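Everything on this sheet refers to the single structure shown next.
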Amino acid sequence: MGVLLSASDLSAKPRLTVVSTTTSATLPSANPAFQHPNDRHQVFFLQRNTNANTIVWVAQFDQDGLLNPDRPITGYWRRFAGRGHVMAFRWYERMFGFGTKSRALADGTGFEVRFNGIKSEQLLLKQNGPFDATLYTRQNGRDIEMIYGYLDVDESGLLPRVVRLRLYTSDPKTGQYSTHTIAVSGGAFRE
């Protein structure tokens, strides 16, 4: 069932506050009951406590294996609660939440990427080699590989509300994984 949405319904501006960070030698699983995707050219995925459907972002390459300058990253749903099929974002999901904006880095090594739902957070999509790219966040002046995120959504009110994000990253220099627990405020949205 569709819901009519106005721009004000979708323009929640979440504020992110890191509550804690823990490290481990292996990648933790936020919800062992949910399958992790392993899509071709995958650079990041996002799961929610509400169901197994997963949002996947993949790098886009040209025929020579270079990041596509017009659209270096794209996302879609992997419908694990169903048959595991791919489903495109609805226009409002793309425009106000899971779509991305990107621009080439001046040094030619990749792209600055921003998710439409959290425009304040700058990420880096860097080319590692032909048909190979990684999505990074910068922490303390170092590039840290983004692996996946897990949203805790509170559906007890009229509108679903994101209350917590667990971000799973890897430090390329140490090989250690980190779980960043992030409080989210102002994250109400309509589905």
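Every value quoted in this text rests on a predicted model; they were computed, and no experiment measured them.
Other residues, nucleotides and ligands contribute only 12 or fewer heavy atoms inside 6.0 Å of the CZ atom of R71. Counting heavy-atom neighbours within 6.0 Å of N38 CG, excluding the residue itself, gives a total of 12 or less. For M87, the CE atom counts as densely surrounded, since its 6.0 Å shell holds more than 12 non-hydrogen atoms of other residues, nucleotides or ligands.
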F44/Y168 under side-chain contact (heavy atoms from CB on, under 4.5 Å): CA gap, chis, key distance, verdict: CA-CA 10 Å; F44 187 67; Y168 297 87; over 6 Å; no
Stepwise side-chain contact (heavy atoms from CB on, under 4.5 Å) test for T181 and R164: CA-CA 7 Å; T181 303; R164 180 174 63 174; 3.5 Å; yes
From CA spacing to verdict: side-chain contact (heavy atoms from CB on, under 4.5 Å), D132, Q127: CA-CA 6 Å; D132 183 20; Q127 181 99 35; 5.7 Å; no
Pair N53-R79, side-chain contact (heavy atoms from CB on, under 4.5 Å): steps then yes or no: CA-CA 5 Å; N53 293 332; R79 304 290 288 189; 3.3 Å; yes
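With sequence neighbours excluded, the residues satisfying side-chain contact (heavy atoms from CB on, under 4.5 Å) with Q139 are T137, I144, H180.
Side-chain atoms of S170 never come within 3.5 Å of backbone atoms of P172 as a donor-acceptor pair (strictly under, hydrogens ignored).
You'll find the side chain of L46 stays beyond 4.5 Å of the side chain of Y148, heavy atoms only. In this structure the side chain of T54 never reaches within 4.5 angstrom of the side chain of H36, judged on heavy atoms. V184 has its side chain out of reach of V163: every pair of non-hydrogen atoms, C-beta onward, lies at least 4.5 Å apart. At least one side-chain heavy atom of W77 sits less than 4.5 Å from a side-chain heavy atom of I55. Under the 4.5 Å side-chain criterion, counting only non-hydrogen atoms from C-beta, L105 is in contact with L124. Residues F111 and L67 have side chains in contact (heavy-atom distance under 4.5 Å, counting atoms from C-beta outward). Considering only heavy atoms from C-beta on, D39 stays 4.5 Å or farther from F45 through its side chain. Residues V58 and R40 form no side-chain contact, since every pair of their non-hydrogen atoms from C-beta on lies 4.5 Å or further apart.
In terms of heavy atoms, A30 sits closest to R166 at O-NH1, 4.1 Å. Residues Y177 and P28 come closest through the heavy atom pair CB-CD, 4.4 Å. The two residues N31 and Y150 make their nearest non-hydrogen contact at ND2-OH, 3.3 Å. Here the closest heavy-atom approach between residue T134 and residue E145 is recorded as CG2-CG, 3.4 Å. Taking both residues in full, the closest heavy atoms of N128 and A133 are given as ND2-C, 3.5 Å, listed atom of the first, atom of the second, then distance.
W57 pairs with exactly one of T74, T100, L135 by the side chain to side chain contact (heavy atoms under 4.5 Å, CB included) rule, that one being T100. In summary, of the residues considered (L151, V153, D152), a side chain to side chain contact (heavy atoms under 4.5 Å, CB included) with T50 occurs for V153 alone.
Remark: L165 CG to I118 CD1 distance equals 7.0 Å, nearest 0.5 Å.
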